[in-house]
Amino acid sequence: MTPSTTHLVLIPSYNPGPRLLATARAALAHWAPVWVITDGSTDGSTAEIQTLAATTPHLHVIVRPVNGGKGAAVLTGSTAALAAGFTHALVLDADGQHPEDRIADFMVASVSIPAALIIGQPIFGPEAPAVRLYGRKLSIGLVHFATLGRVVADPLFGFRVYPLAALVSAFHSTGGARRYDFDPEVAVRMVWAGTPVQNIPATCRYLSKNEGGVSHFHYVRDNVRMIWLHLRLFSQLPFRIPGVLRHKARRVRG
């Protein structure tokens with residue numbers, strides 16, 4: 001496989017256990033290069049992925065010594081990727097939820113519309129927890145309100161290809177989006193900035209513990225963080241409405 005010089009896969013990782021090696025290998029089977037950002041992991045997975053990278057072409061590891069959250073890890077990787085000359089990154093979760101076999105499809109979509117944010121629209125299997133499905137409906141509705149439309153089909157599914165310059169600009173416009181608030185907040189802020197969006201269906205798997213599934217989502221702490229996110233966005237929305245309407249009108253004319 002000829003490695004891309006413009007598009008890479010970014011895998012933010014925090015204590016994923018053995019799933020990280022499996023995810024990295026699966027990603028490399030469909031795309032190169034692949035960068036892993038370990039975010040203060042303490043489970044031995046950093047040493048394991050570094051050992052694999054030492055003998056695996058096109059696999060690169062960046063180590064963050066202190067955990068800062070998914071968004072912080074993506075920002076670290078995105079900034080480094082821009083400095084290395086890359087223009088786009090597909091963010092792939094380390095826990096096995098995202099469909100590695102769709103990486104190339106999403107990259108092709110990005111190449112055809114390089115200015116666009118390519119967002120996965122999740123297709124859930126029967127194993128998906130009902131509480132997660134019900135809870136995300138509220139977040140979807142709030143993001144539709146914040147963007148004055150349904151341009152973002154699902155703001156919580158993190159399988160996306162980002163134009164890196166637009167993504168880093170969205171990060172710099174907020175002090176948030178560093179933890180579990182990352183996926184919805186950057187999507188809203190990129191829409192506010194006029195980034196076009198393309199939604200593409202993709203499967204989402206919830207792995208059991210026996211399958212190596214790992215989740216660090218804390219229902220109370222992280223739901224409070226999400227509530228604060230939407231309050232922040234709504235407080236800024238009145239100042240964003242004129243720009244959002246202009247961008248919306250351009251999409252309609254286009």
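For the single chain, residues carry numbers from 1 onward in sequence order. Just so it is clear, the model here is predicted, and its values are computed rather than measured.
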Student: If you measure from the Lys or Arg side-chain nitrogens to the Asp or Glu carboxylate oxygens, is any gap between Arg136 and Asp154 under 4.0 Å?
Tutor: yes
Student: Rounded to the nearest 0.5 Å, what separates atom CG in Leu75 from atom CD1 in Ile37?
Tutor: 10.5 Å
Student: Under 6.0 Å between the ring centres of His98 and Phe157?
Tutor: yes
Student: With rounding to the nearest 0.5 Å, note down the distance linking CG in Leu21 to OG in Ser13.
Tutor: 9.5 Å
Student: To the nearest 0.5 Å, what is the distance between CG (Leu10) and CG (Leu92)?
Tutor: 9.5 Å
Student: Can you name the one residue among Asp183, Asp181, Asp39 that meets salt bridge (charged side-chain N to carboxylate O under 4.0 Å, His left out) with Lys70?
Tutor: Asp183
Student: State, yes or no, whether a side-chain contact exists between Val36 and Ile62 at a heavy-atom distance under 4.5 Å.
Tutor: no
Student: If we ignore angles and hydrogens, is there a donor and acceptor under 3.5 Å between the side chains of Asn67 and Arg179?
Tutor: yes
Student: Hey, could you give me each pair passing side-chain hydrogen bond (donor to acceptor under 3.5 Å, both in side chains) that has a residue in residues 72-84? Not counting sequence neighbours.
Tutor: Arg64-Thr76
Student: Given the rule that I, L, V, M, F, W and Y join up when any side-chain heavy atoms are under 4.5 Å apart, are Phe86 and Ile118 in one cluster?
Tutor: no
Student: Output all residues satisfying salt bridge (Lys or Arg N to Asp or Glu O under 4.0 Å) with Glu100, sequence neighbours left out; order by chain, then residue number.
Tutor: Arg205
Student: A side-chain contact here means heavy atoms from C-beta on lying under 4.5 Å apart; do His230 and Val143 qualify?
Tutor: yes
Student: Please name all residues satisfying side chain to side chain contact (heavy atoms under 4.5 Å, CB included) with Thr87, sequence neighbours left out, ordered by chain then number.
Tutor: Thr6, His7
Student: Can you find a pair of side-chain heavy atoms, one from Gln198 and one from Ile113, that are under 4.5 Å apart?
Tutor: yes
Student: Where do Trp35 and Gly77 come nearest, in terms of heavy atoms and distance?
Tutor: CZ3-O, 4.0 Å
Student: Output the distance between atom CD (Gln50) and atom CG (Leu52), rounded to the nearest 0.5 Å.
Tutor: 11.0 Å
Student: Does Arg102 reach the side chain of Phe159, with side-chain heavy atoms less than 4.5 Å apart?
Tutor: yes
Student: So, for Pro33 and Ser4, which heavy atoms are closest and what is the spacing to 0.1 Å?
Tutor: CD-O, 3.4 Å
Student: Does the side chain of Leu156 come within less than 4.5 Å of Met226's, by heavy atoms?
Tutor: yes
Student: Rounded to the nearest 0.5 Å, what separation is found between the NE2 atom of His247 and the CH2 atom of Trp192?
Tutor: 11.5 Å
Student: Check for me, please, whether Leu82 and Val61 land in the same ILVMFWY cluster - side-chain distances under 4.5 Å, paths through other members count.
Tutor: no
Student: With side chains defined as the heavy atoms from C-beta onward, is the minimum distance between Leu20 and Ser45 less than 4.5 Å?
Tutor: yes
Student: Under 4.5 Å between any side-chain heavy atoms of His88 and Leu8, yes or no?
Tutor: no
Student: Could you check Leu237, Val188, Leu233 and say which one makes a side chain to side chain contact (heavy atoms under 4.5 Å, CB included) with Thr147?
Tutor: Val188
Student: Is the closest side-chain donor-acceptor distance between Gln97 and Arg19 under 3.5 Å?
Tutor: no
Student: May I ask you to test the Ile11-Asp93 pair for a side-chain heavy-atom distance under 4.5 Å?
Tutor: no
Student: Show the nearest heavy-atom pair for residues Ala177 and Val186, with the distance to one decimal.
Tutor: CB-CG1, 4.1 Å
Student: Assess, by modelled atom type and distance only, whether the side chains of Thr42 and Asn15 contain a donor and an acceptor separated by less than 3.5 Å.
Tutor: yes
Student: Which distance, rounded to the nearest 0.5 Å, do you find between the CZ of Arg232 and the OG1 of Thr174?
Tutor: 4.5 Å
